Visitor: 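Let me give you the structure first, and then I'll get to my questions.
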Amino acid sequence: MISIVGVYDKFAPAQSAKNELLVAGFTWRQVQLTPDHEVQARQRTDNRQADDQSMSATMGNLLRGLFGVNDRGAHSDLYGASVRHGDYVLIADTDTEEERAHAEDIMRRYQPVDLARRET
């Protein structure tokens, strides 16, 4: 299984990408959006918010499941921080290279955040 991850700074494009993946034949089990509803925008900050610990644990559990039981490092921190800062993380699980390429194409149409560029 190959997991494709897209981070979006607004709910509408994240939800649209998720819907397009479902229309394209991906199942509900293969596609997950976190959070799965629009949340009030927060000011982007590195300061911990009151619910950061529970959100961090939730994202950590999700990403450990995706990337390995003992991987508590980069992926969990990166995507957990995105959600804590008000972004939406869309994950599509694929079984073949063809599905992977199709999922990536769909997700790119909705302009995901370039996390490498944001870091700099």
Side-chain angles (χ1 to χ4, degrees):
M1 176 173 49
I2 303 165
S3 295
I4 308 304
V5 180
V7 175
Y8 299 86
D9 57 2
K10 293 184 174 57
F11 178 72
Q15 181 67 36
S16 294
K18 176 183 177 182
N19 289 340
E20 188 170 339
L21 287 165
L22 294 170
V23 168
F26 291 90
T27 67
W28 286 97
R29 287 185 148 166
Q30 290 177 285
V31 181
Q32 181 173 356
L33 179 59
T34 305
D36 64 353
H37 59 280
E38 190 163 14
V39 294
Q40 182 179 358
R42 290 186 184 170
Q43 180 180 8
R44 294 191 187 280
T45 177
D46 288 333
N47 297 332
R48 294 180 77 65
Q49 302 292 324
D51 64 344
D52 275 358
Q53 192 166 357
S54 63
M55 181 57 75
S56 181
T58 299
M59 286 303 297
N61 289 337
L62 170 67
L63 294 163
R64 276 191 296 283
L66 286 172
F67 299 111
V69 175
N70 296 320
D71 184 2
R72 297 175 185 246
H75 295 297
S76 178
D77 291 343
L78 179 65
Y79 298 119
S82 293
V83 171
R84 284 192 307 274
H85 292 243
D87 292 331
Y88 300 87
V89 177
L90 179 60
I91 300 169
D93 295 329
T94 64
D95 295 319
T96 67
E97 281 297 315
E98 184 178 304
E99 281 185 345
R100 179 202 55 77
H102 192 56
E104 285 179 349
D105 180 53
I106 289 171
M107 289 174 148
R108 278 192 201 112
R109 290 182 207 158
Y110 295 93
Q111 288 107 24
V113 173
D114 182 343
L115 293 176
R117 182 173 288 176
R118 180 186 280 175
E119 294 286 319
T120 58

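Since we're looking at a predicted model, the values are computed, not measured. What you see below is based on every heavy atom in this structure, not just the backbone, and it leaves out hydrogens, waters and symmetry mates.
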Visitor: How about W28 and K18: do any of their side-chain heavy atoms sit closer than 4.5 Å?
Guide: yes
Visitor: So, taking the atom named CD in E104 and the one named OG1 in T94, what distance separates them when rounded to the nearest 0.5 Å?
Guide: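 The CD atom of E104 sits 8.0 Å away from the OG1 atom of T94.
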Visitor: Any side-chain heavy atom of Y8 sitting closer than 4.5 Å to one from Q15?
Guide: no
Visitor: CZ/R100 to CG/D105 distance, rounded to the nearest 0.5 angstrom?
Guide: 10.5 Å
Visitor: Nearest 0.5 Å please: distance from the CG atom of D87 over to the CZ atom of F11.
Guide: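 Rounded to the nearest 0.5 Å, the CG-CZ separation comes out at 13.5 Å.
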Visitor: For the residue pair F26 and H102, what are the closest heavy atoms and their distance?
Guide: CE1-CD2, 3.9 Å
Visitor: Which value, rounded to the nearest 0.5 Å, describes the distance between M1 atom CE and D95 atom CG?
Guide: 7.5 Å
Visitor: Nearest heavy-atom pair of E20 and Y110: which atoms, and what distance?
Guide: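 What the structure gives for the nearest pair is OE1-OH, 2.5 Å.
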Visitor: Quick one: CD1 on I4 to CD on Q30, what's the gap to the nearest 0.5 Å?
Guide: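 It comes to 11.5 Å.
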Visitor: State, with a plain yes or no, whether a side-chain heavy atom of E99 is found less than 4.5 Å away from one of D93.
Guide: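 Counting from C-beta outward, E99 and D93 never come under 4.5 Å.
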Visitor: Side chains of L21 and M107: does their closest heavy-atom pair fall under 4.5 Å?
Guide: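 They are in contact (side-chain heavy atoms under 4.5 Å apart), so the answer is yes.
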Visitor: Mind running side-chain contact (heavy atoms from CB on, under 4.5 Å) on E97 and I2 for me, showing each step along the way?
Guide: CA-CA 8 Å; E97 281 297 315; I2 303 165; 3.3 Å; yes
Visitor: To the nearest 0.5 Å, tell me how far T27 OG1 sits from L22 CG.
Guide: 8.0 Å
